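This one's a predicted model, so the numbers in the text were calculated from it and none came from an experiment. Computation of the quantities below employed the complete heavy-atom set of this structure, encompassing side-chain atoms and omitting hydrogens, waters and symmetry-equivalent molecules. Order of the sequence lines fixes the chain letters, A, B, ..., with proteins taken first and strands second; residue numbering starts at 1 for each chain.
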2 protein chains.
Amino acid sequence: MSKKNVNASNQAPLSKVTIVEVAKKAGVSLGTVSRVINNDIHVAAETRKRVLAVTQELGYVANRQARSLAGGKTNTIGVIVRDLGTGYIGEIIRGIDSELNLSGVDLVLYTTHRTVSKEANYVASLAQGMVDGLLLVLPRSPVDYIGTLMEHNFPFVLIDHQGTGTACPAVGATNWQGAYNATEYLIKLGHQRIGFITGSMDLGCAEDRLQGYRSALRTHHLPLETELVYEGDFLQTDGYTGASALLDLPNPPTAIFASNDVMAMGVMDAVRNRGLRVPNDISVVGFDNIPQSAMVFPPLTTVQQPLEQMGRVATQILLGILKKPEKENGRIELPTELIVRNSTSAPKGRAG
Amino acid sequence: MSKKNVNASNQAPLSKVTIVEVAKKAGVSLGTVSRVINNDIHVAAETRKRVLAVTQELGYVANRQARSLAGGKTNTIGVIVRDLGTGYIGEIIRGIDSELNLSGVDLVLYTTHRTVSKEANYVASLAQGMVDGLLLVLPRSPVDYIGTLMEHNFPFVLIDHQGTGTACPAVGATNWQGAYNATEYLIKLGHQRIGFITGSMDLGCAEDRLQGYRSALRTHHLPLETELVYEGDFLQTDGYTGASALLDLPNPPTAIFASNDVMAMGVMDAVRNRGLRVPNDISVVGFDNIPQSAMVFPPLTTVQQPLEQMGRVATQILLGILKKPEKENGRIELPTELIVRNSTSAPKGRAG
DNA sequence: AAATAATTTGGAAACGCTTCCAAATATAAA
DNA sequence: TTTATATTTGGAAGCGTTTCCAAATTATTT
């Protein structure tokens with residue numbers, strides 16, 4: 001008969017009831033109420049019950065501002081990202097958010113919009129007490145502030161970055177291995193000349209992917225030709241121009257491996273625009289496994305990054321640090337996985 | 001024992017300079033420093049300069065917690081979204097964020113993960129003083145709390161929703177007109193039987209799109225056949241199953257209009273899986289113009305929604321309300337635009 | 001039963017800032 | 001010059017919590 005039980009707070013959700021009123025109504029002191037809502041041991045069971053009841057009845061909600069001012073904790077963690085455009089970062093945030101939800105911690109989001117200088121600024125002011133800890137997603141220039149952060153023992157975790165030199169809590173993916181596996185897969189299909197389009201080389205993951213590609217070639221005794229490597233910046237147009245350049249080579253590659261899916265889409269465009277077909281004439285591989293990689297035509301063979309999981313794990317680590325700061329945390333790498341779809345096949349001359 | 005000493009064992013947090021130290025060093029009172037950093041008129045130019053200098057020198061950063069406790073303002077606005085998976089919402093947030101950046105207001109992000117009950121909860125607790133205002137993106141059940149919010153005069157703006165009955169600040173897109181135009185475009189190409197796949201019908205925008213489609217048919221004296229309308233939920237699989245159902249009809253449509261791009265991709269899959277071609281056999285139209293709609297093959301004809309702009313405008317309105325609460329704000333609709341790409345053509349029998 | 005220990009509670013001092021009021025100073029009008 | 005007025009400043013009272021200390025109460029031991 002009742003479609004939903006109406007909770008008492010529905011009556012006047014926005015009325016500001018403070019701890020004082022709760023204390024008065026429950027006939028106890030301020031301190032006791034505070035202890036109850038903070039689950040302090042030293043409260044008689046009966047008193048606790050009574051206070052809780054009043055709390056419910058009055059629809060009391062603690063004021064976070066006051067709480068953190070007095071207690072020195074904000075119960076909030078800051079997430080600093082570059083932007084939200086690609087969906088790539090959205091996946092990571094999703095992981096962060098769902099993990100945070102579990103512990104009732106809030107998330108303050110900051111975007112740096114690719115402005116390097118902002119990054120350090122934000123870090124400084126956030127660490128100044130606005131948040132209890134920081135999650136830095138795909139940071140550009142962590143060197144600028146990691147030192148400060150560590151010096152002051154401010155809790156933070158890096159997501160998808162590496163090579164800061166110093167050992168600090170970080171979560172990433174096995175970029176090297178992923179690139180290695182994808183390259184090896186192409187080699188085993190029979191490809192001998194494999195083009196590569198890099199990401200922003202100021203990002204550790206881009207460097208690792210390049211090295212994974214190189215190692216695979218080396219392992220299989222294929223030459224490392226610099227003309228087959230085009231430096232991109234993770235944008236779709238880089239894929240397009242990069243592929244165009246590679247296909248213009250006197251001896252063009254039969255497969256192109258792009259450092260991310262977005263560039264791989266650019267590659268496919270370029271291939272098609274030349275009247276060639278994917279994968280019949282040119283095989284294409286991406287990296288990330290963003291949602292649309294399954295939706296393009298042909299569906300893209302790519303390397304899956306466990307993005308949501310990365311966010312989740314990083315958050316767990318950060319919450320762990322918050323609990324016991326003394327614990328040492330290093331870098332964690334989550335496994336990537338090759339997802340084979342229809343954008344790859346044996347090279348033409350060798351088709352089976 | 002000394003009065004108040006720093007607990008020696010703990011590491012110092014990032015050097016906490018307070019207003020007191022600034023005041024002391026600048027040789028002025030607390031109040032004056034506060035006035036300076038709040039740009040209060042009543043400060044002598046020379047005093048202001050001096051205080052500012054000390055501020056700089058000491059690296060003072062205001063403590064937000066204290067600030068909002070004392071001032072009653074949090075300088076933060078809350079954004080409530082369902083999730084971040086699609087990129088659709090990412091675009092909106094981007095607009096919000098860039099606008100907020102301009103005024104130095106912070107953004108606290110809450111995701112409801114498609115849990116309706118959470119929505120009301122968050123709204124209640126956020127409005128309890130955590131934020132100065134609320135931006136509700138694609139709300140599911142605003143009716144549950146809009147009343148309360150308005151009653152208490154709590155500032156908020158709805159994004160991409162309508163039909164709450166009550167007049168309240170909201171920003172949306174001309175969904176009706178967009179669907180109308182797209183349908184009319186198909187009709188003018190010569191299509192007589194046009195399938196339609198709806199979105200989640202509990203969302204106003206989905207309803208509007210359906211009505212736009214219907215109106216266009218009516219205007220052009222085409223019959224409204226219920227068998228041509230399939231109810232989806234904005235997910236890719238709905239596009240697939242919907243299109244499959246439509247194509248199984250004794251008299252199948254020659255064009256299919258999906259209520260969003262993601263479903264349109266599902267439609268294209270279904271069409272191809274039947275050995276039919278887009279657009280030669282079946283024309284496909286989407287809605288939203290998400291980034292990947294330009295990247296699929298063939299590039300999708302769709303209706304562009306000004307997502308980032310919607311976020312931007314909504315934020316401006318909210319900040320406006322915060323400044324002068326008495327101002328009345330109603331619903332604003334930003335124009336959609338038909339983007340013609342290669343997934344549409346004249347129907348086969350009538351090709352030109 | 002008295003003495004001691006453990007548990008529970010009340011009270012008050014911060015936390016760092018805003019803001020109001022009144023005091024002090026400078027400026028304009030008389 | 002004197003009085004009235006405007007400008008600038010200092011001081012103090014909160015804002016709603018947490019947390020420490022001591023007081024009150026209860027349980028345990030001798």
Taken to the nearest whole Å, CG/A/Asn39 to C1'/D/dT19 is 16 Å
Here the pair of heavy atoms bringing B/Arg48 nearest to B/Arg35 is NH2-O, 4.3 Å
Rounded to whole Å, the CD-P distance (A/Glu46 to D/dT25) equals 16 Å
Comparing nearest nucleotides in DNA chain D, the 5'-proximal residue of the pair B/Arg50, B/Ala70 is B/Arg50
Closest heavy-atom pair, A/Ala23 versus A/Leu30, reported as atoms and distance to 0.1 Å, is CB-N, 4.0 Å
Quick check against the 3.5 Å criterion: does B/Asp132 have a side-chain atom that pairs as donor or acceptor with the backbone of B/Asn75? yes
By nearest-heavy-atom nucleotide on DNA chain C, the more 5' of A/Ala45 and A/Leu69 is A/Ala45
Phosphate OP1/OP2 of C/dT18: any B/Asn38 side-chain N/O under 4.0 Å:
yes
Taking only N and O in the side chain of B/Arg67, is any of them less than 4.0 Å away from OP1 or OP2 of C/dT18?
-> yes
*Taking the side chain as C-beta and beyond, is there a heavy-atom pair between B/Ile77 and B/Asp106 under 4.5 Å?*
no
Winner on side-chain proximity to A/His42, out of D/dT18, C/dT9, D/dT9, is C/dT9
query: Is there a donor-acceptor contact under 3.5 Å linking the side chains of B/Asn38 and B/Arg67?
result: yes
Here the distance between atom C1' of C/dG16 and atom NZ of A/Lys73, to the nearest Å, is 17 Å
_Within the structure provided, determine whether A/Ile93 and A/Val81 are in side-chain contact (heavy-atom separation under 4.5 Å)._
yes
- [ ] Run the salt-bridge test on B/Lys25 and B/Glu21 with the 4.0 Å N-O cut-off and return the result as yes or no.
- [x] no
Taking pairs as Watson-Crick (N1-N3 plus N6-O4 or O6-N4) or G-U wobble (N1-O2 and O6-N3), each distance under 3.5 Å, the stems of three or more consecutive pairs with DNA chain C are C:1-30 with D:1-30
From CD of A/Gln65 across to P of C/dT18 the rounded distance in Å is 13 Å
Between OH of B/Tyr60 and C1' of C/dG16 the distance, given in whole Å, is 7 Å
Would you call A/Tyr60 and A/Val54 a side-chain contact if the rule is heavy atoms closer than 4.5 Å? no
message = I'd like to know if the side chain of B/Thr32 reaches the main chain of B/Val28, judged simply by a donor and an acceptor atom lying under 3.5 Å from each other, with no hydrogens or angles considered.
response = no
Would you say A/Ser68 reaches D/dT17's phosphate, i.e. side-chain N/O to OP1/OP2 under 4.0 Å?
-> no
Rounded to whole Å, CD1 of B/Ile19 lies from P of D/dC15 at a distance of 19 Å
The correct set of residues in residues 20-35 of chain B placing a heavy atom under 4.0 Å from DNA chain C is B/Gly31, B/Ser34, B/Arg35
Rounded to whole Å, NZ of B/Lys49 lies from P of D/dT8 at a distance of 16 Å
- Message: Can you see if the side chain of B/Thr47 gets near the phosphate of D/dT8 - specifically, an N or O under 4.0 Å from OP1 or OP2?
- Response: no
Rounded to whole Å, CD1 of B/Ile41 lies from C1' of D/dT9 at a distance of 16 Å
Could you tell me whether the side chains of A/Thr74 and A/Arg64 share a donor-acceptor contact shorter than 3.5 Å? no
